[in-house]
Q: 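Take this structure, written in C-alpha cells, and hold onto it; I'll ask about it next.
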2 protein chains.
Amino acid sequence: MKKITIGDVAKHANVSKSTVSQYLNKRYEYMSERTRERIAVSIEELDYRPNIVARSLKQKSTFTIGVIVANILHSFSTQIIRAIENKFHENGFHIIVCNADDEPDKEKDYIEMLMAKQVDGMIIFPTGGNMDLYNRMKKSKFPIVFMDRIIADSEIETVALDNEQAAKLAIDEFVESGYRDIAIVTTSIIRNISPRLERIQGYKNALEYHQIPINPAYIKTTDAGMISQALEELFSYEKPPEALLAANDIVLMAVLTYVKKQGLKIPEDLAVIGIDEVPFAVFYTPSLTTISQPTIEMANLAVTLLMQQIDQEEKGKPQVHRLQPTLIKRESC
Amino acid sequence: MKKITIGDVAKHANVSKSTVSQYLNKRYEYMSERTRERIAVSIEELDYRPNIVARSLKQKSTFTIGVIVANILHSFSTQIIRAIENKFHENGFHIIVCNADDEPDKEKDYIEMLMAKQVDGMIIFPTGGNMDLYNRMKKSKFPIVFMDRIIADSEIETVALDNEQAAKLAIDEFVESGYRDIAIVTTSIIRNISPRLERIQGYKNALEYHQIPINPAYIKTTDAGMISQALEELFSYEKPPEALLAANDIVLMAVLTYVKKQGLKIPEDLAVIGIDEVPFAVFYTPSLTTISQPTIEMANLAVTLLMQQIDQEEKGKPQVHRLQPTLIKRESC
DNA sequence: CTGTTAGCGCCTTCAG
DNA sequence: CTGAAGGCGCTAACAG
C-alpha cells in the first residue's frame, strides 16, 4: 500500500514528472489536449493526491495558520475560532488551534512549535507574557495579528472590542433603569489584561458621566475560582449593590450560580448585565440583558488583516482596530 | 531576514550538517563534549529552529492529527475537542480541527485535505455519508478512529456512548418520580445517525421495561430549526406529555426556550431531563437533571486507540467501545 | 566520533 | 509542448 507519487503518475501517463506538475498547477496552456487527458486519467486511476508537505517545503507556504487563544473556556474564544475557521476555509487555509490556558510559557511553546511547523501566519489572543517573542516575530515580519487584548508598544495589528464602550452601554442601561449602586466584577487583573482594565475604566467613566460617585468596594477583580467569595463580600456590605455588571461570561455564570444559591431575585434584588452574549441568555428567567461582541466581524477583520500581511500588502502603520459592542436588551435589568 | 537552516548552523559550528542533525535528535552518545557545546552555542546565537516541514517530508510523519467533527455546535463536540487537544499535546502532537457541518461533502473535502497534508491519523465524528472513503482509508491502514456515531460494517475502531443506557437512565428517573407520559425529542433522524436512533431505542426499551405503552406521538425527531414546532404539536395533544427527554443539548435549549415562551413551569408542568451536560444546568432554575457523557475518558480512549494504530500495534478486530453515561440528579424532574 | 552521500516528493528554470 | 536537472531543509546509512 505504498504512497503513490508524482513520479508514478508520470510513468503511468508516459510523461515526465514536471509535466504532471504543470498539470497539477493548472498551467496547461502549453500542453497538448492529449497529454492533459492522459494525466487526468492516470491521476484518477492511481487515486493520486499530491503531498502537500513536499509542496510546502519547496514553496515555503503551508497554507495553514496558527491560532492561539489565551483561554478557550471563554465562549467568546470559541465563537471567534469558529468564525475564523470558516473564513479561512474559504481561502483554502487550515487552522491549528492552541489553548495557552493563560500561561505565557505555554503560549511560548505553541508559538515556537507553530513557527517550526512553518505556518503562514498566526492569530493570537496574547497572554501578554512574551513581549520579547512578540517583538522578534514582528521584527522578522512574520504575519501576525492580535485579538482581544491590547499589548502596548507591540506594533502589531490588533483587533479588539471597544471595551470602554461596552461597559458604558451597560452602565447607561442600569442608570436609565434607575440604579445607582452598581458593581462590576471581572476576572483577575494582576497581569494587566487590557479588556478587563478597559471595562473597569469604562465603568468608572460612565459613572462619572452620570455623576455617580465611584465606590471602590464595588469593583471586584478576582480569579475565576474566587468569584463567589468576592460576591459574598459584596453582599455583606451595609449597602450592597443593586446592580452588577459581569465583565465576561465566566463571571456571569458565577454570578448566576451565586444568585441561585442565595435565593436572590433578578432584577428585583439584583439587576444583572453581562458582557459577552451567551447561549442561555434567551431562555434563562429572567432573560439576560447582555453586551454582545461582533464576533463574526472581528474574526473576518482579523483574517483579512492577516491575509494582507501574508500577501505582503504593506499597510502602513499597524493599528488597533476597535469594533463596537451592542446591547441586547432583555429582562435582567 | 532569511531563514536560517541546519547548514548555517553547521557552518557556524564548523561541523557537518549530519552532526548537527544528530545533535538535534539527541543522539549525542557518540559526540564529543566539545562539538556538542559548539553546536549548542551556534544554535543559540543564530536562533535556529528546525524546519518541521522538511523533517516531516523525510520522516513521513507530521506529528499532527486531523479531527473532524460532524457538528461543532454541540457542546459535546467542543468538550471532546478540548480533551483530545490536551491529550495530544502531552504527546507532542498538534491537531487540526475541522467542522463538517453535517455535510458529507464537506467531510470528504476535509478528509482529502488532511490526507494531502499527511496528518498521521484522524479522529472523526462521521457524518456517515462517505462510506467509500471510510473503507478506502480503512483498507490502506490509515490510522483512524470514529467517535460518537456508529457506522455499521465500517470495521473502524469507534468510541461511543452507551446511548440506550443514557435514555434508560432518564426514563428510570422519570418513572421513579411518578411520570408515565414521557416524550422524547431528538434532532433529525433521516440520515440514520446512530446516537439518536439508539437513544430512541433506549427510550422504548425502558418504557417497555416499566410496562408503559409506547405512544409514537410522543417521539419527535426534527431539524434543529423546527424543534419549537414539534413541541407545539406535542403540547397541542389532548394529553400532552408530563415529562420530556431532550436527546441532546441543542434540543434542550430549544425546549427551555419553548417552556419560557409558554410560561410552563418545570417540573410541575413539564419534567425535563437532557442528555449532555451543559454549563447552565447548575444555575438554571430549577437546576437541570442531565445525563452526562464521560467526555474526558472518551477523548482519552480515542487518543489511545489512535496512537496504537499509529504505532502499528496490531490490535485484533476493531471494536465499538461503549462508555457509560451517568445521571446527574438535580431539580428538573 | 564526524563527514559524505543520497534521497523524501514536489516545483522550476532551462534546454530541446 | 515536454523532459532533465537541481534544490527546498532535513535525516539516515555508510564510510572514514
Side-chain angles (χ1 to χ4, degrees), chain A residues 1-40 42-43 46-64 112-120, chain B residues 1-40 42-43 46-64 112-120:
Chain A
M1 267 300 160
K2 76 179 268 294
K3 280 261 163 92
I4 73 126
T5 78
I6 203 173
D8 303 321
V9 177
K11 219 172 296 169
H12 188 103
N14 255 307
V15 295
S16 82
K17 294 196 298 176
S18 48
T19 309
V20 178
S21 175
Q22 308 272 32
Y23 175 88
L24 292 175
N25 294 288
K26 309 210 188 302
R27 300 211 49 74
Y28 15 60
E29 297 141 27
Y30 305 102
M31 200 181 306
S32 73
E33 181 70 31
R34 261 187 68 248
T35 25
R36 199 192 317 175
E37 182 62 25
R38 268 216 311 269
I39 294 176
S42 299
I43 289 181
L46 299 176
D47 191 29
Y48 165 74
R49 327 205 159 280
N51 177 332
I52 295 190
V53 173
R55 175 183 296 168
S56 297
L57 177 58
K58 183 70 191 182
Q59 301 196 148
K60 273 110 181 52
S61 168
T62 54
F63 286 91
T64 110
E112 291 183 340
M113 260 287 208
L114 291 171
M115 299 281 299
K117 283 212 171 162
Q118 315 294 113
V119 296
D120 295 339
Chain B
M1 269 297 162
K2 75 180 269 292
K3 279 260 162 93
I4 73 124
T5 77
I6 202 173
D8 302 323
V9 178
K11 220 172 296 170
H12 188 103
N14 254 309
V15 295
S16 81
K17 292 196 301 174
S18 50
T19 308
V20 179
S21 176
Q22 308 271 32
Y23 174 89
L24 292 175
N25 293 288
K26 309 212 188 298
R27 301 210 48 75
Y28 14 60
E29 296 141 27
Y30 306 101
M31 201 180 307
S32 74
E33 181 70 31
R34 261 188 68 250
T35 25
R36 199 194 315 179
E37 183 62 26
R38 268 217 311 269
I39 294 177
S42 299
I43 289 181
L46 298 176
D47 192 29
Y48 165 74
R49 326 205 161 279
N51 178 332
I52 295 190
V53 172
R55 174 183 297 170
S56 297
L57 177 58
K58 182 71 191 178
Q59 300 195 147
K60 275 112 181 45
S61 169
T62 53
F63 286 92
T64 111
E112 291 183 339
M113 261 287 207
L114 291 170
M115 299 280 300
K117 282 211 172 162
Q118 314 295 114
V119 297
D120 295 340

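Reminder, nothing fancy here: chain letters follow the sequence lines and each chain counts from 1. Here the structure is a predicted model, which means the values were calculated and not measured.
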Q: By side-chain contact (heavy atoms from CB on, under 4.5 Å), which residues pair with B/T62, not counting sequence neighbours?
A: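 So B/T62 forms a side-chain contact (heavy atoms from CB on, under 4.5 Å) with A/V53, B/S56, B/T64, B/Q118, B/D120.
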Q: Whole Å only: how far is the CD atom of A/Q22 from the P atom of D/dG3?
A: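 Going from CD in A/Q22 over to P in D/dG3 covers 11 Å.
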Q: Specify the separation, in whole Å, of atom CZ of A/R38 and atom C1' of D/dC1.
A: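 So the CZ-C1' distance, A/R38 to D/dC1, works out to 12 Å.
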Q: Over how many whole Å does the gap from A/I39 atom CD1 to D/dC1 atom P extend?
A: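 Computing the A/I39:CD1 to D/dC1:P distance gives 13 Å.
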Q: Taking 4.0 Å as the cut-off, does a side-chain nitrogen or oxygen of A/N25 come that near to OP1 or OP2 on C/dC11?
A: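 Affirmative; the distance criterion is met.
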Q: Find the distance between CD (B/E37) and OG (B/S42) and round it off to the nearest 0.5 Å.
A: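 It comes to 10.0 Å.
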Q: Among the candidates C/dG3, D/dG3, C/dG9, find the nucleotide nearest to the side-chain atoms of A/K58.
A: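 Nearest listed nucleotide: C/dG9.
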Q: Measure OH/B/Y23 against P/D/dC10 and give the value in whole Å, please.
A: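 Rounding to the nearest Å, OH of B/Y23 and P of D/dC10 are 15 Å apart.
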Q: CZ of A/R38 to OH of A/Y23: how many Å apart, nearest 0.5 Å?
A: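 Those atoms lie 12.5 Å apart.
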Q: Give me the bend of the helix from C/dC1-D/dG16 to C/dG16-D/dC1, using the axes of the five pairs at each end, rounded to 10°.
A: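 Taking five pairs per end, the axes differ by 40°.
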Q: Taking atom types as they are modelled, is there a donor-acceptor pair under 3.5 Å from the base of C/dT4 to the side chain of B/S18?
A: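 Such a pair exists between side chain and base.
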Q: Looking at CD1 of B/I6 and CG of B/N51, how far apart are the two atoms once the value is rounded to the nearest 0.5 Å?
A: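 The distance works out to 10.5 Å.
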Q: Just the rounded figure in Å: distance from C1' of D/dA12 to CD1 of B/I6.
A: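 Roughly 12 Å, once rounded to whole Å.
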Q: Expressed in angstrom and rounded to an integer, what is the separation of A/L57 atom CG from D/dG9 atom P?
A: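 That distance rounds to 7 Å.
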Q: Can any side-chain N or O of A/N25 pair as donor or acceptor with the backbone N or O of A/Q22 at less than 3.5 Å?
A: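 Not a single qualifying donor-acceptor pair exists.
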Q: Just by distance, no angles: are the side chains of B/S18 and B/S21 close enough, under 3.5 Å, to form a donor-acceptor pair?
A: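 No, no side-chain donor-acceptor pair sits under 3.5 Å.
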Q: Using the side-chain heavy atoms of A/T35, tell me which of these nucleotides is nearest: D/dA12, C/dC11, D/dT2.
A: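 Nearest listed nucleotide: D/dT2.
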Q: Look at the side chain of B/K60 and decide which nucleotide, out of C/dG9, D/dT11, D/dT2, has an atom nearest to it.
A: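 Selected nucleotide: C/dG9.
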Q: Indicate, yes or no, whether a donor-acceptor pair under 3.5 Å links the base of D/dG9 to the side chain of B/K17.
A: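 There is none.
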Q: Taking only the side-chain heavy atoms of B/Y48 (C-beta and beyond), determine which of C/dG9, D/dC10, C/dT12 contains the nearest atom.
A: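 The listed nucleotide nearest to B/Y48's side chain is D/dC10.
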Q: Within this structure, what is the CG-to-C1' distance between B/D8 and D/dG9, rounded to whole angstrom?
A: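 Whole-Å distance recorded here is 10 Å.
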Q: Provide, to the nearest angstrom, the distance between the CG atom belonging to B/N51 and the P atom belonging to D/dT11.
A: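 Result: 9 Å.
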Q: Any side-chain N or O of B/T5 under 4.0 Å from OP1/OP2 of D/dG9?
A: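 So the side chain of B/T5 is outside the cut-off, no N or O lying under 4.0 Å from OP1 or OP2 of D/dG9.
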Q: Is B/T19 near enough to C/dT2 that one of its side-chain N or O atoms lies under 4.0 angstrom from OP1 or OP2?
A: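 Answer no for this pair, as no side-chain N or O of B/T19 is under 4.0 Å from OP1 or OP2.
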Q: Could you check A/Q59 against B/Q59 and say which one's nearest nucleotide on DNA chain C is further toward the 5' end?
A: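 Going by which nucleotide is closer to the 5' end, it is B/Q59.
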Q: Under 4.0 Å: is that the gap between some side-chain N or O of B/S16 and OP1 or OP2 of C/dG3?
A: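 So the side-chain polar atoms of B/S16 do come within 4.0 Å of the phosphate oxygens OP1 or OP2 of C/dG3, strictly under.
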Q: How long is the gap from CG on A/L46 to NZ on A/K11, to the nearest 0.5 Å?
A: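 Reported value, rounded in 0.5 Å steps: 10.5 Å.
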Q: Would you give the length of the straight line joining atom CZ of B/R55 to atom CG of B/L57, rounded to the nearest 0.5 angstrom?
A: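 Interatomic distance, B/R55 CZ to B/L57 CG, rounded to 0.5 Å: 12.5 Å.
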